[in-house]
Amino acid sequence: MWKSTKAIMLLILSGFIIGLIPTIVNTLDYAVVYSAKEGLSLHPHFVADVRNFLHVLRNYTWHITIIYASVVAFIIFMEGQNPDRTVLWLLTLVFVPVIGIVIYLLVGPDPNYFKKRKRFKPIKEQEIDRTPFSSDKRFLTGRMIHACSGADLLLHNDMKVLINGDETFSCIKKELASAQHYIHMQYFIINDDEIGCEIRDILIEAAKRGVRIRVLYDAIGSWKLKRKYVESLKEAGIQCHSFMPVSLPMFRRKMNFRNHRKILVIDDRIAFTGGLNIGDEYMGKGHLGHWRDTHVLVEGEAVRALHRIFLHDWCVRSDEDPHEIYHEIKCDDCGAAIAPDPSIYPILPMQVVPSGIDNTWHSIAQGFFSMISRARERVWITTPYFVPGPSLLDAITATALSGVDVRILMPSTKDHFLVFWGSRGNIEPMLHAGVRVFMYKKGFVHAKSVIADDGISSVGTCNMDVRSLEINFEDQLFIYDNEVNSKFAERFRKDMEDSNELDLSEWEKRPLWQKILESFGRLYSAQI
């Protein structure tokens with residue numbers, strides 16, 4: 001699909017250039033004259049036209065300046081929630097006056113932002129909030145998250161941490177094959193490669209035995225997904241939609257508000273979420289080699305919370321009623337509820353936190369901020385991209401300067417050029433503040449986890465970058481349990497063994513060209 005689009009665009013561009021040839025020839029014929037004595041020279045009429053134009057331009061300079069100032073004021077109004085982006089666009093408009101406006105119109109902030117926020121406003125739940133927060137200091141973060149997002153504290157849960165693609169996809173395939181009632185699945189990326197086709201075949205087999213299946217994928221993330229793959233699902237009776245489909249996704253405004261969530265819910269019984277999309281590269285078969293990632297399988301009350309997020313996203317795209325869908329699939333053929341009684345699960349307090357343009361407070365970012373700033377012993381962060389924005393950077397540096405053991409583990413290899421250098425641009429101030437920074441060398445680390453002290457852990461789909469924290473749709477688990485915390489800490493220690501720790505004195509000696517790229521990355525980080 002992408003190759004076809006590029007070919008069409010190339011043909012359109014070629015046609016446009018060819019269409020300009022007569023105009024260019026006529027302009028040259030009008031502007032340039034040739035004589036045997038003087039050779040090539042400008043036509044007097046053309047010179048007079050240029051002088052008249054400059055004269056008019058000079059007379060109306062003040063009016064043009066006022067119009068331009070109005071455009072700048074409009075940008076400040078539109079970008080008021082993010083001063084960094086405002087400054088970047090101001091610099092672009094000031095130093096590249098004409099081209100800057102064109103760039104802004106193509107890739108700048110979306111003027112339909114507020115309309116989209118209204119579109120994605122979640123449906124109000126009719127249930128009464130009975131969130132059982134206690135006086136435990138761990139739940140100070142939980143109370144704040146609840147105030148920002150309405151995410152309840154869910155007590156009865158069980159969770160299995162899945163490491164890397166082999167373990168994750170093996171578990172997913174097993175659970176898909178055992179589905180009896182419904183499968184609801186959404187991913188940022190679905191590829192039609194080996195693992196993608198395996199998942200497709202399992203879904204088709206499940207549909208044949210009467211399982212109701214809905215598949216939601218992001219239109220940008222899954223841009224390479226072939227139509228044949230989607231049609232094979234639909235022919236099997238599987239409902240399938242792309243999230244916010246676009247025709248020309250190369251412009252940034254069309255790439256905003258992407259659905260970066262990975263949620264799989266089966267029979268109201270189990271759910272999956274985490275960092276892994278569906279594709280061979282997540283099995284370590286891509287050009288980045290070994291792929292280090294973390295996914296989780298959850299049971300209990302958290303399943304319904306993840307399911308609610310899926311239903312909302314699905315209904316935004318399909319215009320269906322989420323309550324009707326839930327009524328359709330919540331009972332088996334005999335009318336009995338298919339969801340097990342939550343009380344059979346152990347006490348494992350957690351919150352399922354969504355974030356996106358429908359959330360004013362950027363709930364996941366607020367949760368990270370609270371975890372980091374309230375920590376007294378340690379904060380260990382694993383993230384593929386580290387461009388967190390000023391507030392989180394200040395929280396991390398202030399916490400490290402307070403003597404807390406702060407560690408950040410990130411990739412040493414490039415996945416995306418700009419975000420890679422933007423991430424490295426934040427390393428030096430971290431090292432100066434006493435943060436220990438580890439560069440993963442075994443392959444590419446894509447896990448998204450944060451642990452604070454011994455009691456709070458977070459894992460999910462949200463990267464530690466501005467796009468994930470403020471723009472895209474994400475989901476993140478916040479878990480309040482010492483045992484789960486220790487499991488994530490043990491995994492972090494193993495990943496440290498496959499990493500190189502940076503030394504400040506050595507880091508300061510890095511080549512000038514790297515510093516230039518890092519500076520560019522920091523400048524661009526407001527747009528990442």
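The figures here come from the full heavy-atom set of this structure, side chains too, leaving out hydrogens, waters and symmetry mates.
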Identify, with sequence neighbours excluded, every residue that meets salt bridge (charged side-chain N to carboxylate O under 4.0 Å, His left out) alongside Asp475.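 Applying salt bridge (charged side-chain N to carboxylate O under 4.0 Å, His left out) to Asp475 gives none.
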
Quick one: salt bridge (charged side-chain N to carboxylate O under 4.0 Å, His left out) partners of Glu281, sequence neighbours excluded?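 In terms of salt bridge (charged side-chain N to carboxylate O under 4.0 Å, His left out), with neighbours along the sequence ignored, Glu281 is linked to no residue.
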
So which atom in [X] and which in [Y] form the shortest heavy-atom distance, rounded to 0.1 Å?
| X | Y | result |
| --- | --- | --- |
| Val265 | Leu306 | CG2-C, 4.4 Å |
| Glu320 | Gln239 | OE2-NE2, 3.6 Å |
| Arg378 | Asp454 | NH2-OD1, 3.4 Å |

Please report the C-alpha distance between Tyr182 and Asp268 in whole Å, then the side-chain angles of each, then the deciding distance to 0.1 Å, and finally whether the side chain to side chain donor-acceptor pair (under 3.5 Å) criterion is met. CA-CA 8 Å; Tyr182 76 88; Asp268 251 13; 2.7 Å; yes

[Y] backbone acceptor or donor facing [X] side chain under 3.5 Å:
| X | Y | value |
| --- | --- | --- |
| Asp152 | Leu154 | no |
| Ser370 | Gln366 | no |
| Thr413 | Phe444 | no |
| Thr399 | Ile372 | yes |
| Gln186 | Ile263 | no |
| Glu167 | Ile163 | yes |
| Ser458 | Leu477 | yes |
| Arg308 | Ala305 | no |
| Gln476 | Cys462 | yes |
| Asp280 | Ile195 | yes |

Nearest 0.5 angstrom please: Leu233 CG to Ile238 CD1, how far?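 Rounded to the nearest 0.5 Å, the CG-CD1 separation comes out at 4.5 Å.
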
The test is side chain to side chain donor-acceptor pair (under 3.5 Å); show your working for Asp313 and Asn259 and say whether it passes. CA-CA 9 Å; Asp313 290 349; Asn259 198 316; 3.0 Å; yes

Could you point out which residue of Trp223, Phe473, Tyr217 forms a ring-ring contact (aromatic ring centres under 6.0 Å, His included) with Phe243?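 Exactly one option meets the ring-ring contact (aromatic ring centres under 6.0 Å, His included) with Phe243, and it is Phe473.
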
Side-chain donor-acceptor pairs under 3.5 Å in residues 383-393, sequence neighbours left out?
from, atom 1, to, atom 2, distance (Å)
Thr383, OG1, Tyr385, N, 3.4
Thr383, OG1, Tyr385, O, 2.7
Thr383, OG1, Met464, N, 3.2
Tyr385, OH, Asp415, OD2, 2.3

Listed by chain and number, what are the side-chain hydrogen bond (donor to acceptor under 3.5 Å, both in side chains) partners of Asp201, not counting sequence neighbours?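 Once residues adjacent in sequence are excluded, Asp201 has no partner under the side-chain hydrogen bond (donor to acceptor under 3.5 Å, both in side chains) criterion.
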
Not counting sequence neighbours, which residues clear side-chain hydrogen bond (donor to acceptor under 3.5 Å, both in side chains) with Glu501? List them please.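 Testing Glu501 for side-chain hydrogen bond (donor to acceptor under 3.5 Å, both in side chains), a comparison that skips the adjacent residues, returns Arg436.
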
Evaluate the criterion side chain to side chain donor-acceptor pair (under 3.5 Å) for residue pair Asn277 and Tyr187; output intermediate values, then yes/no. CA-CA 6 Å; Asn277 291 291; Tyr187 282 90; over 6 Å; no

Donor-acceptor side-chain pairing of [X] and [Y] below 3.5 angstrom:
| X | Y | result |
| --- | --- | --- |
| Glu474 | His260 | yes |
| Tyr345 | Glu301 | no |
| Asp267 | His181 | no |

Taking only residues at least two apart or on different chains, which pairs with a member in residues 188-198 satisfy side-chain hydrogen bond (donor to acceptor under 3.5 Å, both in side chains)?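 For residues 188-198: Lys173-Glu198, Glu194-Lys285.
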
The test is ring-ring contact (aromatic ring centres under 6.0 Å, His included); show your working for His184 and Trp314 and say whether it passes. CA-CA 9 Å; His184 285 169; Trp314 175 266; 7.3 Å; no

Would Val435 and Ile396 count as a side chain to side chain contact (heavy atoms under 4.5 Å, CB included) here? Give the steps. CA-CA 8 Å; Val435 177; Ile396 292 169; 4.0 Å; yes

